[in-house]
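Quick notes on the structure that follows.
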Amino acid sequence: YSEKVHTYLIELNDKVLLFDIPTYSKEVKEFILSFDKPLYAILSHGSCGIEDGTKWQNEIGLKVYAHKEDENHPWIRMKPDVLFTEMPPFDPSIEVIHVPGHSAGSICVLEKESKSLLTGDTFYGNENGTIRDFTKEGQSDYENLEDRVKSCQNLLNYEFENVYPFHYEIILKNGKQQLGVFLKDK
């Protein structure tokens with residue numbers, strides 16, 4: 001398994017927020033701890049509870065949040081500290097958006113100031129800056145393609161330009177436009 005995987009770190013005034021959990025390494029641990037702020041992680045979907053998540057929880061006290069709909073996700077490998085249906089506000093600049101489809105509890109995080117949407121596996125980009133066609137990929141037993149498309153259509157109601165996915169390519173500047181083009185035929 002060798003596809004590109006991303007974790008994002010958002011430094012807020014009084015905390016550090018990780019969107020999905022990075023693979024554990026001494027270097028990453030030192031970097032995260034260098035912020036000297038409380039650490040929180042939000043899982044974009046149940047299967048992002050990678051095995052290293054427990055190590056992060058135990059070693060540095062990372063507090064992990066996941067949507068309640070993914071509580072019994074078959075691929076979750078760690079126990080989140082907080083299961084939510086309404087995300088507690090971390091900061092006014094951050095909005096958590098429930099986007100069922102890839103999993104029942106999939107979420108995106110909108111960082112309002114930079115107009116950046118962290119999408120998890122809801123959708124992602126190609127090398128040419130377009131949306132990768134997830135409708136033509138193999139679907140797992142826990143995915144609902146119809147809900148995933150509806151969730152993507154709902155995301156067009158939000159203001160974003162940049163797309164930061166869990167897999168594949170980042171789209172800068174015209175991510176919302178590219179999502180609209182992609183959805184036109186769906």
Between Leu155 and Ile97, does the side-chain contact (heavy atoms from CB on, under 4.5 Å) criterion hold? Intermediate values first, please. CA-CA 8 Å; Leu155 287 171; Ile97 306 163; 4.1 Å; yes
Separation between [atom1] of [X] and [atom2] of [Y], rounded to the nearest 0.5 Å:
X: Leu117; Y: Glu95; atom1: CG; atom2: CD; result: 10.0 Å
X: Lys176; Y: Asn157; atom1: NZ; atom2: CG; result: 7.5 Å
X: Asn174; Y: Phe160; atom1: CG; atom2: CZ; result: 10.5 Å
X: Leu17; Y: Leu9; atom1: CG; atom2: CG; result: 8.0 Å
X: Leu183; Y: Gln178; atom1: CG; atom2: CD; result: 11.0 Å
X: Ser114; Y: Tyr164; atom1: OG; atom2: OH; result: 6.5 Å

Parallel, tilted or perpendicular: rings of [Y] and [X] (30°, 60°):
X: Phe134; Y: Phe182; answer: tilted
X: His102; Y: His45; answer: perpendicular
X: His67; Y: Phe84; answer: perpendicular

Atom [atom1] of [X]: over 12 foreign heavy atoms under 6.0 Å:
X: Glu86; atom1: CD; answer: no
X: Glu113; atom1: CD; answer: no
X: Lys15; atom1: NZ; answer: yes
X: Lys79; atom1: NZ; answer: no

Electrostatic pair Arg132-Glu169, nearest N-O below 4.0 angstrom: no
Would you call Lys112-Asp91 a salt bridge at under 4.0 Å N-O? no
Over all heavy atoms of both residues, which pair between [X] and [Y] is shortest? Give the atoms and the distance, please.
X: Leu62; Y: Asp81; answer: O-OD2, 3.4 Å
X: Leu156; Y: Gly180; answer: CD2-N, 3.9 Å
X: Ser44; Y: Phe19; answer: CB-CZ, 3.3 Å
X: Ala41; Y: Ile21; answer: CB-CG1, 4.1 Å
X: Lys37; Y: Asn13; answer: NZ-O, 3.2 Å
X: Lys68; Y: Thr85; answer: CB-CG2, 3.9 Å

Residue pair [X] / [Y], side-chain heavy-atom distance below 4.5 Å:
X: Cys152; Y: Leu179; value: yes
X: Cys108; Y: Leu118; value: no
X: Asp133; Y: Asn126; value: no
X: His167; Y: Asp121; value: yes
X: Ile42; Y: Phe90; value: yes

Apply side-chain contact (heavy atoms from CB on, under 4.5 Å) to the pair Ile131 and Val181, showing each step before the final yes or no. CA-CA 9 Å; Ile131 303 298; Val181 169; over 6 Å; no
Output, in order, the C-alpha distance, side-chain angles, deciding distance and verdict of side-chain contact (heavy atoms from CB on, under 4.5 Å) for Thr7 and Thr23. CA-CA 9 Å; Thr7 296; Thr23 300; over 6 Å; no
For residues Leu18 and Val28: do they belong to one hydrophobic cluster (side chain heavy atoms under 4.5 Å, members Ile, Leu, Val, Met, Phe, Trp, Tyr)? yes
Short side-chain to backbone donor-acceptor contact, [X] and [Y], under 3.5 Å:
X: Thr119; Y: Thr122; answer: no
X: Trp56; Y: Pro22; answer: yes
X: Asn162; Y: Lys173; answer: yes
X: Asp70; Y: His73; answer: no

Check step by step if side chain to side chain donor-acceptor pair (under 3.5 Å) holds for Glu111 and Tyr8. CA-CA 11 Å; Glu111 201 290 312; Tyr8 301 99; over 6 Å; no
